[in-house]
Amino acid sequence: MPELPEVEVVRRGLAEHAVGRVLEDVTVTHPRAVRRHVAGPADLSAQLTGLRIDAAHRRGKYLWLTFDEARSHRAGSDAPASAAAMDLALVVHLGMSGQMLVQPATAPVEKHAHIRATLDDGAELRFVDQRTFGGWSLAGLVEVDGSVVPDTVAHIARDPLDPRFDREAVVAAIRAKNTEIKRVLLDQTVVSGIGNIYADEALWRAGLHGTRIAASLTRPALRTLLDAVTAVMTEALAVGGTSFDALYVNVNGESGYFSRSLAAYGRENEPCDRCGALLIREQFMNRSSFSCPTCQRKPRRR
Ligand SMILES: [Zn+2]
């Protein structure tokens, strides 16, 4: 799954190449890509056609577009701008392999292009998804804690790169959890944007084993951990995110380079950059966790 940096790379690309453009035509060629929109592909297409993209937003791993001056741009229509569309969000689920590409309309259509939207500058916004876990859906916008988000994202906590992220409040929320710290890091209602890769990287940087009980950790340790999360995500973002199999790409189809900088994730039996001990892989929550047996001591059995 793409995590915060990979999704932010896509958001920035959309902000640069799609914001300000009008969706002139939306074609769904694989209904599974809009299965979350229960009213169906034709309804999704009709609601989006004619809308001007106002902004590209992200919270944690969630990505959405908002619109302005609805309908007035629809070809051949003199309908006035509709307020309804300004309360509408197009939520993009990247799933395991979803890509948002902005391509010249003349570029060959990708094999797994499931949704294509013609933009008023002649380009196409394409949703390409090899494994078809992702898709587009429409949602209403709601105000939560001073921020406007899609109603389907209302329960998601702020992420560490959010200017209004409250580190002390999150430290307190983590300490209230009587469960493993890695499980808490992956809980998007406590702090969002973190998946398996950046959880392992942050835990390695902070010198904490993922099975330590959250409630047993000190405030300074948790501040260090959250700062490590922020740092590793910021560094990953600076190089375009982490791409393992060329599926996580920006809107131009380019991969990121952070996989070369990973200190723990995917490095079983390689030496720890800090102490030289061989990194280990363990199973946790049905996924692989990577850690250093020396720098990240496992808790004693309770
Ligand atoms: Zn080590």
Side-chain angles (χ1 to χ4, degrees), residues 1-6 8-9 60-61 159-161 165 167-168 170-188 190-245 248 255-302:
M1 292 276 292
E3 304 180 30
L4 186 155
E6 294 74 48
E8 176 62 12
V9 166
K61 310 173 194 176
D159 62 66
L161 300 192
F165 180 74
R167 189 182 67 168
E168 286 310 297
V170 173
V171 165
I174 294 174
R175 294 190 84 226
K177 299 282 185 184
N178 193 28
T179 186
E180 300 96 334
I181 183 60
K182 182 168 178 181
R183 189 182 297 274
V184 179
L185 287 179
L186 297 176
D187 181 346
Q188 305 297 304
V190 176
V191 51
S192 69
I194 308 168
N196 206 33
I197 296 174
Y198 296 107
D200 278 4
E201 291 300 300
L203 288 164
W204 180 85
R205 288 187 184 204
L208 294 174
H209 194 271
T211 59
R212 295 279 297 274
I213 298 301
S216 74
L217 298 173
T218 65
R219 286 187 180 82
L222 289 173
R223 289 183 196 119
T224 299
L225 176 60
L226 290 175
D227 289 348
V229 168
T230 306
V232 71
M233 286 182 166
T234 303
E235 291 166 29
L237 186 52
V239 293
T242 301
S243 305
F244 286 109
D245 53 8
Y248 302 161
S255 297
Y257 294 102
F258 196 68
S259 57
R260 299 175 188 176
S261 306
L262 295 172
Y265 187 85
R267 296 195 58 216
E268 183 183 15
N269 289 327
E270 293 180 37
C272 171
D273 291 342
R274 195 161 41 208
C275 74
L278 297 184
L279 299 173
I280 57 171
R281 176 170 65 160
E282 297 164 294
Q283 288 299 306
F284 182 73
M285 293 174 73
N286 295 318
R287 287 183 272 194
S288 291
S289 284
F290 299 87
S291 64
C292 172
T294 306
C295 300
Q296 297 168 268
R297 293 282 184 191
K298 274 198 222 185
R300 296 188 183 181
R301 280 220 180 130
R302 296 192 304 171

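In this chain, residues are counted from 1 in sequence order. Each ligand, and each atom within it, is numbered from 1 in the order the structure gives. What you see is a predicted model, and the numbers here were worked out from it, not measured in a lab. When reading the values below, keep in mind they use all heavy atoms of this one structure, side chains included, and skip hydrogens, waters and symmetry mates.
Panel detail: the Zn ion (ligand 1) has protein N, O or S atoms under 2.8 Å away, 4 in number.
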Discussion item. What verdict does the side-chain contact (heavy atoms from CB on, under 4.5 Å) test give for Y198 and E6, after you've listed the backbone C-alpha separation in whole Å, the side-chain angles of each residue and the deciding distance to 0.1 Å?
Written reply: CA-CA 11 Å; Y198 296 107; E6 294 74 48; 2.6 Å; yes
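Few gaps surround CZ on R274; more than 12 heavy atoms of other groups in view lie less than 6.0 Å from it.
E3 contributes no side-chain N or O that, together with a main-chain N or O of K61, makes up a donor-acceptor pair within less than 3.5 Å. Remark: the backbone N or O of I194 is paired with a side-chain donor or acceptor of Q188 at under 3.5 angstrom.
Going from atom CD1 of I197 over to atom OG of S288 covers 11.5 Å, rounded to the nearest 0.5 Å.
Just one residue in the list R281, R205, Q296, K182 forms a side chain to side chain donor-acceptor pair (under 3.5 Å) with D200, and that residue is K182.
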